[in-house]
Colleague: 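I'd like to ask you about the structure that follows.
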Amino acid sequence: MTQVPVFQGRTMADAFGRRIEYLRISVTDKCNLRCVYCMPEEGLPWLKKDQLLTYEEIRDIVAVLAPRGLKRVRLTGGEPLIRKDLPRLVDLIASVPGIQDLAISTNGVLLEEMAVPLREAGATRVNISLDSFRKERVDALARRKGTFERVLAGLEAAESAGLEPIKINVVLIRGKNDDEIVDFADATRNRPWHVRFIEIMPTGANLEISANDFFSCEEALERLRELGDLVSVPGPEGNGPAAYFRFPGAKGTVGVITPMSHNFCDDCNRLRLTADGQLRPCLFGDIQTNLRDPLRAGQDLVPLIEETLRIKPERHDLVQGSDSGSGGLIALSQTGG
Ligand code: SAM
Ligand code: SF4
């Protein structure tokens with residue numbers, strides 16, 4: 001059987017010809033919040049410190065991928081900002097030749113104090129999760145009081161620090177925040193925010209809510225169309241699986257991420273690295289390659305990465321109301337979302 005060439009010069013591709021240039025790195029599985037659609041209230045069986053990749057190990061993996069076509073990196077988690085001295089990791093990754101974009105996905109709680117150090121270390125922009133504009137709702141969804149004020153302060157700090165364009169991630173939940181879809185979209189008229197509505201994905205921890213309270217992005221767009229002319233536009237920098245729209249004259253955009261209603265896998269350009277060093281070709285499913293132990297043993301990672309690219313699945317197998325396609329994931333925080 002002919003092997004599909006995954007590394008060609010300075011590019012890498014999977015067996016379906018999708019060019020891979022983006023790596024999402026989870027730097028911790030822990031979090032300071034317990035969002036109802038993500039983690040169970042009691043938390044998860046956390047990784048131990050020696051199971052986590054060190055910052056130097058993460059840098060070393062990025063340095064293997066960069067000459068082979070990796071251009072963009074995102075730090076995620078769990079909550080990445082709770083890992084000690086994150087700017088040091090940002091600095092290490094930003095110094096790898098070929099890395100052009102280094103973004104962070106955060107719940108925003110610690111961003112007020114971290115925005116400037118992260119920017120100075122080389123982070124380019126942030127995605128902030130904010131599921132409502134109402135304090136009681138945010139605190140209830142995050143299961144932590146005081147979250148709302150801190151996220152807003154973080155959002156402002158990110159803007160002042162120039163961590164832009166800012167994308168705001170809103171997980172849609174029927175009966176919890178779908179009545180704010182219009183408010184979120186309206187905010188993009190005057191603020192340069194890129195609001196992205198995300199369909200809830202089923203995992204072990206959220207089966208009830210994801211089955212009963214699913215709200216599709218198509219329904220969100222229908223509500224928005226009643227407001228006026230939404231024009232389809234190319235996304236902001238770092239465009240991922242979202243489709244974007246803009247109201248005429250608006251500063252920001254509205255995006256939809258539809259993992260459930262429309263499979264978003266066709267243009268998938270990414271790999272994932274978990275906090276304990278598993279290279280995952282898909283957010284879901286059980287395919288992963290341990291890079292941590294071979295790296296610690298001084299082995300060549302290239303053949304392992306090559307094989308992982310080769311077996312990257314064409315699409316995920318998620319099924320509404322079931323965790324059958326999630327590969328045993330309890331929460332998206334385990335793979336970085
Ligand atoms: N803690 C950071 C945050 O919340 O932005 C980064 C990690 S979080 C797992 C990454 C993204 O996944 C967030 O935007 C979050 O809202 C989203 N997310 C988590 N669980 C989800 C689920 N079951 N379905 C859809 N999105 C989810
Ligand atoms: Fe934490 Fe992000 Fe999961 Fe919320 S979505 S519990 S902030 S990892």
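Each ligand, and each atom within it, is numbered from 1 in the order the structure gives.
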Colleague: Within ligand 1, which atoms have a heavy atom of Gly77 less than 4.0 Å away?
Modeller: 7 (C), 9 (C)
Colleague: Among all the protein's heavy atoms, is there at least one whose distance to atom 11 (C) of ligand 1 comes out below 4.0 Å?
Modeller: no
Colleague: I need the nearest protein heavy-atom contact for atom 2 (Fe) of ligand 2: residue, atom name and distance, please.
Modeller: Cys31 SG, 4.5 Å
Colleague: Step through the shown structure and confirm whether more than 12 heavy atoms of other residues, nucleotides or ligands are within 6.0 Å of NZ on Lys312.
Modeller: yes
Colleague: Salt bridge check: are Arg225 and Glu222 linked by an N-O gap of less than 4.0 Å?
Modeller: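 No.
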Colleague: Just to check, does Cys31 reach to within less than 4.0 Å of ligand 1 when the distance is taken from its heavy atoms?
Modeller: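 No; Cys31 lies far enough from ligand 1 that no heavy-atom distance drops under 4.0 Å.
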Colleague: Report, in ascending order of atom number, the atoms of ligand 1 lying under 4.0 Å from any heavy atom of Ile200.
Modeller: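 Those of ligand 1 that fall under 4.0 Å from Ile200 are 24 (N), 25 (C).
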Colleague: Are Arg150 and Glu113 ion-paired here, with the side-chain N under 4.0 Å from a carboxylate O?
Modeller: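 Yes.
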Colleague: Angle class for the Trp193/Phe133 ring planes (parallel below 30°, perpendicular above 60°, tilted otherwise)?
Modeller: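 The arrangement is tilted - the two ring planes meet at 30° to 60°.
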Colleague: Output yes when a protein non-hydrogen atom is found under 4.0 Å of atom 24 (N) of ligand 1, and no otherwise.
Modeller: yes
Colleague: Which of the atoms in ligand 1, numbered in the order shown and given with their element, are less than 4.0 Å from a heavy-atom of Glu199?
Modeller: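 Contacts of ligand 1 toward Glu199, numbered from 1: 25 (C).
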Colleague: Do Asp179 and Arg223 meet the salt-bridge criterion of a basic N to acidic O distance under 4.0 Å?
Modeller: no
Colleague: With the threshold set at 4.0 Å, does a side-chain nitrogen-carboxylate oxygen contact exist between Arg270 and Glu21?
Modeller: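 Salt bridge between Arg270 and Glu21, a charged N being under 4.0 Å from a carboxylate O: no.
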Colleague: Do Arg72 and Tyr22 form a cation-pi contact, if we require the NZ or CZ to be under 6.0 Å from the six-membered ring centre and within 45 degrees of the ring's axis?
Modeller: yes
Colleague: Can you tell me if Gly78 contacts ligand 2 (heavy atom of the residue under 4.0 Å from the ligand)?
Modeller: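 Gly78 counts as a contact of ligand 2 under the 4.0 Å cut-off.
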Colleague: Identify, by atom number and element, the atoms of ligand 1 in contact range of Asn169, meaning under 4.0 Å from any of its heavy atoms.
Modeller: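 Within the 4.0 Å cut-off of Asn169, ligand 1 contributes 14 (O).
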Colleague: In terms of heavy-atom contacts, does CG of Asp229 have more than 12 from other residues, nucleotides or ligands at under 6.0 Å?
Modeller: no
Colleague: For Asp293, does its backbone N or O pair with a side-chain atom of Asn290 as donor and acceptor, under 3.5 Å?
Modeller: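 Yes; judged by distance alone, with no hydrogens or angles, the pair exists.
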Colleague: For ligand 1, which atoms, with element, lie under 4.0 Å from some heavy atom of Gly78?
Modeller: 1 (N), 2 (C), 6 (C), 7 (C)
Colleague: Which of the numbered atoms in ligand 1 are below 4.0 angstrom from a heavy atom of Thr76?
Modeller: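 Within the 4.0 Å cut-off of Thr76, ligand 1 contributes 6 (C), 7 (C).
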Colleague: Polar-atom distance check: Met201 versus ligand 1, any N or O pair below 3.5 Å?
Modeller: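 N/O-N/O distance under 3.5 Å: yes.
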Colleague: Give a yes/no on ligand 1: does Val171 have at least one heavy atom closer than 4.0 angstrom to it?
Modeller: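 Distance cut 4.0 Å: Val171 passes for ligand 1.
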Colleague: Taking only heavy atoms of Asn107 into account, list the atoms of ligand 1 that are under 4.0 Å away from them.
Modeller: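 Those atoms are 2 (C), 3 (C), 5 (O).
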Colleague: Could you report the tightest heavy-atom contact between Cys31 and Asn107, atom names first, then the distance?
Modeller: SG-ND2, 3.8 Å
Colleague: Looking only at protein heavy atoms, identify the closest one to atom 3 (Fe) of ligand 2 and say how far it is in Å.
Modeller: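 Going atom by atom, the protein heavy atom closest to atom 3 (Fe) of ligand 2 ends up being Cys38 SG, 2.5 Å.
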Colleague: Mark up the atoms of ligand 1 that fall under 4.0 Å of a heavy atom belonging to Thr106, in ascending order.
Modeller: 2 (C), 3 (C), 5 (O)
Colleague: For ligand 1, which part of Asn206 has a heavy atom less than 4.0 Å away: the side chain, the backbone, both, or neither?
Modeller: side chain
Colleague: How far is atom 4 (O) of ligand 1 from the closest protein heavy atom, and which atom is that?
Modeller: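 Protein heavy atom at minimum distance: Ser129 OG, 3.2 Å.
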Colleague: Could you tell me the residue and atom name of the protein heavy atom closest to atom 2 (C) of ligand 1, and the distance to it rounded to 0.1 Å?
Modeller: Glu79 OE1, 3.5 Å
Colleague: If you have a sec, work out which protein heavy atom is nearest atom 27 (C) of ligand 1 and how many Å separate them, to one decimal?
Modeller: Leu332 CD2, 3.7 Å
Colleague: Tell me the protein heavy atom at minimum distance from atom 19 (C) of ligand 1, and give that distance in Å.
Modeller: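 Looking at atom 19 (C) of ligand 1, the protein heavy atom closest to it is Tyr37 CE1, 3.7 Å.
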Colleague: Within less than 2.8 Å of atom 3 (Fe) of ligand 2, any N, O or S from Cys35?
Modeller: no
Colleague: Determine yes or no for a side-chain-to-main-chain donor-acceptor pair under 3.5 angstrom, with Asp139 supplying the side chain and Thr147 the backbone.
Modeller: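 Such a contact is found between Asp139 side chain and Thr147 backbone.
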Colleague: Should the pair Arg174-Asp178 be classified as a salt bridge under the 4.0 Å nitrogen-to-oxygen rule?
Modeller: no
Colleague: Does the pair Arg125/Asp101 count as a salt bridge with the N-to-O cut at 4.0 Å?
Modeller: yes
